[in-house]
Amino acid sequence: MDFADYADIEIENNAQRLPLVLCLDTSSSMAGEPVALLNQALRDWTAQLKDDVSLSHSVEVAVVTFGGQRVTAWQGPRALSALPNVSPFVPAHHFEPPRLQAAGVTLMTEALELAMQLVAARKTELRSLGLQYYRPQICVVTDGQPTDANGHATEAWRRTVPVLAAEQDARKFRLFAIGIGGISPRGEQVLEALAPKFHARLQGFPFRELLQMMSASASAEQRGAGDEIFERIFAQFKTQRPAYEG
């Protein structure tokens, strides 16, 4: 993929960047209230992010969805092609969330692989521009378990486990894996394998709290916090009572 085309997103400052990928399940099980709650939480979080002076000019947001029959990268509200040739990362102070709809299957494996590619490409691009960056963050959110393109449960996700472990050991990014709604114990086991340190199974659809946790994690990354701080932030998030019940 060629991610060199970033001309339509203006680089306005030399602040150290923090790439953040929201990898969101938009399969058919998220239809109705869940996706409506997700859309509202994204709108509220976008406004809060822009009001945060520190985060608004350092965080860069990309959205990857897995639903329908494909994985989609979004540059703000705009869906990119199946193989995007432009960077989906948008500075937080310019970011506008997409309006998501729910349908189809749960291509979580392919979505995670795309998220990793996007992060690697953005880091390369930032280096070429002479810009520094904090450790990127990827957050995958799902109420199910990985399927293939026909909607059948698949074990293909296992191929990502050693890759994710090696990349995180090398401090190339930090992965959060969140199970919501009626996710099954099997789905929870998948998330634990993908993100042994930062996985959770939560009741309801606490998207607002989840996005606030990502902001807190981004702030901690800016401060150069140690792993124990991220573990504390995540543990507090897991023990909060969700505002939204399924």
Side-chain angles (χ1 to χ4, degrees), residues 18-25 27 29-30 59 62-66 71 106-120 122-123 133-148 153-207 209-242:
L18 200 168
L20 167 60
V21 182
L22 300 177
C23 196
L24 305 175
D25 186 343
S27 62
S29 59
M30 288 287 291
V59 171
V63 176
V64 172
T65 56
F66 48 105
V71 172
T106 312
L107 299 174
M108 188 192 312
T109 305
E110 293 80 0
L112 268 173
E113 290 174 336
L114 176 58
M116 287 189 284
Q117 291 176 44
L118 295 174
V119 163
R122 184 59 183 146
K123 288 164 62 177
Y133 52 83
Y134 300 99
R135 191 193 314 189
Q137 300 185 1
I138 300 173
C139 183
V140 58
V141 184
T142 182
D143 69 342
Q145 63 186 77
T147 70
D148 61 21
T154 176
E155 297 295 307
W157 59 271
R158 293 185 182 279
R159 71 185 183 224
T160 68
V161 172
V163 178
L164 287 167
E167 295 282 270
Q168 292 188 89
D169 286 345
R171 303 177 66 84
K172 293 187 177 180
F173 56 80
R174 198 183 302 273
L175 176 67
F176 301 88
I178 313 297
I180 55 173
I183 190 169
S184 67
R186 176 58 176 162
E188 183 183 9
Q189 291 171 4
V190 172
L191 298 183
E192 182 177 2
L194 296 173
K197 291 181 67 174
F198 297 111
H199 68 277
R201 178 187 181 188
L202 303 174
Q203 293 183 342
F205 301 94
F207 299 117
E209 292 83 355
L210 168 60
L211 292 169
Q212 289 172 346
M213 185 273 292
M214 293 307 299
S215 292
S217 178
S219 294
E221 195 71 55
Q222 285 185 325
R223 299 193 303 270
D227 285 348
E228 69 280 0
I229 301 299
F230 292 93
E231 291 168 9
R232 190 181 309 162
I233 291 170
F234 195 68
Q236 183 178 6
F237 162 67
K238 287 199 297 183
T239 57
Q240 287 180 342
R241 179 178 175 81

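When reading the values below, keep in mind they use all heavy atoms of this one structure, side chains included, and skip hydrogens, waters and symmetry mates.
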remark   = In short, L18 meets A218 closest at the heavy-atom pair CD1-O, 3.5 Å
note = Output for pair (E228 CD, I233 CD1), nearest 0.5 Å, gives 10.5 Å
task = Could you please spell out the steps behind the side-chain contact (heavy atoms from CB on, under 4.5 Å) verdict for Q145 and Q189?
result = CA-CA 9 Å; Q145 63 186 77; Q189 291 171 4; over 6 Å; no
remark   = Shortest non-hydrogen pair, K123 vs P136, comes out as CD-CG, 3.8 Å
query = Roughly how far, to the nearest 0.5 Å, is the CG atom of L191 from the CE atom of M108?
reply = 5.5 Å
ask   = How long is the span from the OG1 atom in T109 to the CD atom in E155, to the nearest 0.5 Å?
value = 9.5 Å
task = To the nearest 0.5 angstrom, please state how far the CZ atom of F230 sits from the CE atom of M213.
result = 11.0 Å
ask   = Side-chain contact, heavy-atom cut-off 4.5 Å: M30 with F205?
value = yes
Residue pair L164 / M116, side-chain heavy-atom distance below 4.5 Å = yes
ask   = For R223, what residues pass the salt bridge (charged side-chain N to carboxylate O under 4.0 Å, His left out) criterion, not counting sequence neighbours?
value = none
query = Would you call S217 and Q137 a side-chain contact if the rule is heavy atoms closer than 4.5 Å?
reply = yes
query = What heavy-atom pair brings A220 and I229 nearest, and what distance separates the two atoms?
reply = CB-CG2, 4.2 Å
key: For Y134 against Q222, the heavy-atom pair lying closest together   = CE2-CA, 3.5 Å
request  = Apply the side chain to side chain contact (heavy atoms under 4.5 Å, CB included) test between E110 and each candidate in L112, L107, L114; give the one that qualifies.
outcome  = L107
request  = Using a 4.5 Å cut-off on heavy atoms from C-beta on, say whether the side chain of V64 contacts that of L22.
outcome  = no
Mind listing the side-chain donor-acceptor pairs of residues 169-182 below 3.5 Å, one per line with the distance, residues two or more places apart or on another chain?
from, atom 1, to, atom 2, distance (Å)
K172, NZ, E167, OE2, 3.4
R174, NH1, D227, OD1, 3.3
R174, NH2, E221, OE1, 3.3

message = I need the E209 CD to Q236 CD distance, nearest 0.5 Å.
response = 11.5 Å
task = Please name the pair of heavy atoms, one in A193 and one in V161, separated by the smallest distance, quoted to 0.1 Å.
result = O-CG1, 3.8 Å
Between CG on residue D25 and OG1 on residue T106, distance to nearest 0.5 Å = 5.0 Å
remark   = Closest non-hydrogen atoms of P146 and W157, given as atom of the first, atom of the second and distance, are CG-CD1, 3.8 Å
